[in-house]
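Notes follow once the structure below has been shown.
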Amino acid sequence: MSKAKNIYARPLDLKHGRVNMTHGSGGRASAQLIETVFSAAFDNEYLRQGNDGAVLPLPPANSRLVMSTDAHVVSPLFFPGGDIGSLSVHGTVNDVAMLGARPLWLSASFILEEGFALSDLLRIVNSMAQAAKVAGVAIVTGDTKVVERGKGDGVYISTTGVGYVQGTIAPSGNRALAGDVILLSGTIGDHGMAIMSQREDLQFESAIESDSAALHELVATMLATGADIHVLRDPTRGGLATTLNEIARQSGVGIVLNEDAIPVHPQVAAACEFLGLDPLYIANEGKLIAICAATDAEKLLNAMRAHPLAQFSALIGNVIADDACFVQMKTKLGGRRMVDWLNGDQLPRIC
Amino acid sequence: MKYVDEFRDGALAQNLATSILKEAQPNLTYRLMEFCGGHTHALSRYGLLGMLPANVQMIHGPGCPVCVLPIGRVDLAIRLALEHDVILCSYGDCLRVPASNQMSLLKAKALGGDVRMVYSALDALKIATNHPTRQVVFFAIGFETTTPPTASIIRQAKAAGLKNFSVLCNHVLTLPAMEAILTQPGGFPLQGLVGPAHVSTVIGSKPHQSITTRFQMPIVISGFEPLDLLQGILMLLRQVNEGRAEVENEFTRAVTPTGNLKAQALVDEVFEVRESFEWRGLGSLPASGLKIRAAYAEFDAELRYPDLIYANVPDHKACECGAILRGEKRPQDCKIFGTICTPDNPIGSCMVSSEGACAAHYTYGRFSESGTAKINVSGLSRLHE
Amino acid sequence: MCLAIPACIVELLPHDMARIDLDGVRKEISLSLVEDAKVGDYVIVHVGYALQLLDPEEAAQTLSLFAELASQA
């Protein structure tokens, strides 16, 4: 580390200070912001090089490189169970994991709005650092820009993740086969309803927390059973229903779900009732679905249930042959209905 | 959820379905109309339609306030937001309704109109109180269930002396719409009506007597939970088989003969019946809508903004909503159903709200025409928990 | 139409308001359209207002009617 004197005239006021346009201009103020806030929190050997990028090792023989990217614009920035920072780390870690890969390195770019409180920024960045540490990934490169007041929503974060996938492991949305079963790792709708509960115009109190979590270790456990997992996906925006419709279309199959088997937290169910929403379409940030041959179901389910993030795993449906690629559901009543693609946005309704 | 989950019990549902099967005489066809969009939604969402025998046909009625809201009225709300710079408060249901010129309230918001979604009428009042320098207009829709809250906030606004608050009133009445359905020329015969649940908590079960007497039409007022609906259908079948035409109440836990008198009195104090009001798909119906009384005229957006003149906007030529609302055609019979007209791009009123007949069928039921609808998966592998 | 749900009054609040509970989710709603509502009563809630008190005896009777049919089926 260089022994040059501290070039900053004054320390950053992290308690009361705010982001201003000079923090994005690339000069001393930018450098100070990056050093004080980002580099300090994310500290690792790559960042300490002080370069604009990170030189990373190639995957070992018999492994392939996996990359994924996400933008995060969630509002509010802080919600029960997480914040935009931890969400962005979990989201990208999970995208890499859904390809059967072990996530290793992340990049993070920030678009900050002029006037954004430095204390909030610090809170978010520390949350990211913590999430990355727990997930065993390093944030190795990044960028910061500042936009004028009114042109941002506090902060937008973009993350890209890189990892390695071993051998012939290749879960993919187009590999579901008629006869396969569908496993779900836990309760649905938690994240989306946690966000909803913070909306000023809806105002309900509950103990609902976002399920935002890094799922790569759960995936590793599942892969270690030796089961051939055909499809792995995390049902984020648009919820379980959207994810399953995507997979059905990609694989050219149909799906029949069992409503009774789908776990929903009672408070999430109740909040949905109030607002006229369907948990099937509400976002999740710490759940996955796995599609595998029926013969692998038991051992996968056992491995999942043994993991703290997937205790309520359940077999929720079957894959069938269907040229129309419909997703159907046997309702709790014993009737049958379709589970269609999300039509428009899920808005609370009166009727 | 107490008083909810018990009324969704799967085993009891199967038994009710069996009872319906036994009650429906095989040589008869029963055409029953569920008036209320909420019932249409429940029939589809719980897969109840497939549990009924083929000779019990449910015709979907017009009891969906979003579906019957004329395009021209949404245009008024959009104009308020864009031309008068008001804070336009609306229930979520109305935000995506397509209006004239490819607009909607949501699109008006994107163009800079201050359109805000509210869960409750109270929230609109709160916004007016918190923004004394801005004009706030509440876009009020709904049948008799939703009208009392609007009446309540208008009264509160008057008591508080609010000068920046008004209501664009589109409240409509159930019984005139029922009568219109039953008197439309060329309509197919109906044998019974499933009466509206929450409307009846407000108006009571007695008013439905006028329909039963005039048209010799059995009515069973049923709750919204699936067991309520199945029980209601069973009771209707029994009435038909026994040659009775009565008003029966299945939803006794919330509906009394006289209803909620306090709410009725409040509505009567604030609103009066319009001479006529236009319903999308049904045309202009006499004495079917409400307007704000003279005593509360200062809160009537139509008076505060006199340049807001309603203009009728006809539906697309190929749209069959009128026939569908009257029970003459099914969604599948409409040429543009599912092709041009989808929930993402609704051409007609029945596709606009998730309770509309077309939207319900598209979202929950269109798979029934495919070959896979009857596949029984109980034989496929299931791990027993 | 008319999305409404039965919920339990857990607290009475000033200005004719109340806090209701549905399986742990709580909301403040208006009681201005009903009379004599008490803590412990169940009300039908629609757009932030209680529309009617739910009658527990009638509810029990309706459920037992379903069960009766079940035993006959």
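Order of the sequence lines sets the chain letters (A, B, ...), proteins ahead of strands, with each chain counted from 1.
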message = Show every ring pair (Phe, Tyr, Trp, His ring centres under 6.0 Å) that has at least one partner inside residues 18-42 of chain C, sequence neighbours left out.
response = B/Y3-C/Y42

message = Regarding A/R337 and A/D278, does a basic nitrogen lie under 4.0 Å from an acidic carboxylate oxygen?
response = yes

query = What part of C/I29 gets closer than 4.5 Å to chain A, counting heavy atoms only: side chain, backbone, both or neither?
reply = neither

inquiry  = Is C/L22 in contact with chain A via its backbone, its side chain, both, or neither, using a 4.5 Å heavy-atom distance?
reply    = both

inquiry  = Side chains of A/Q328 and A/R336 only: does a donor on one sit below 3.5 Å from an acceptor on the other?
reply    = yes

inquiry  = Under a 3.5 Å cutoff, is there a donor and acceptor pairing between the side chains of A/T92 and A/D95?
reply    = no

inquiry  = I'd like to verify something: which residue of C/R19, C/R26, C/E28 has the highest number of heavy-atom pairs under 4.5 Å with chain A?
reply    = C/R26

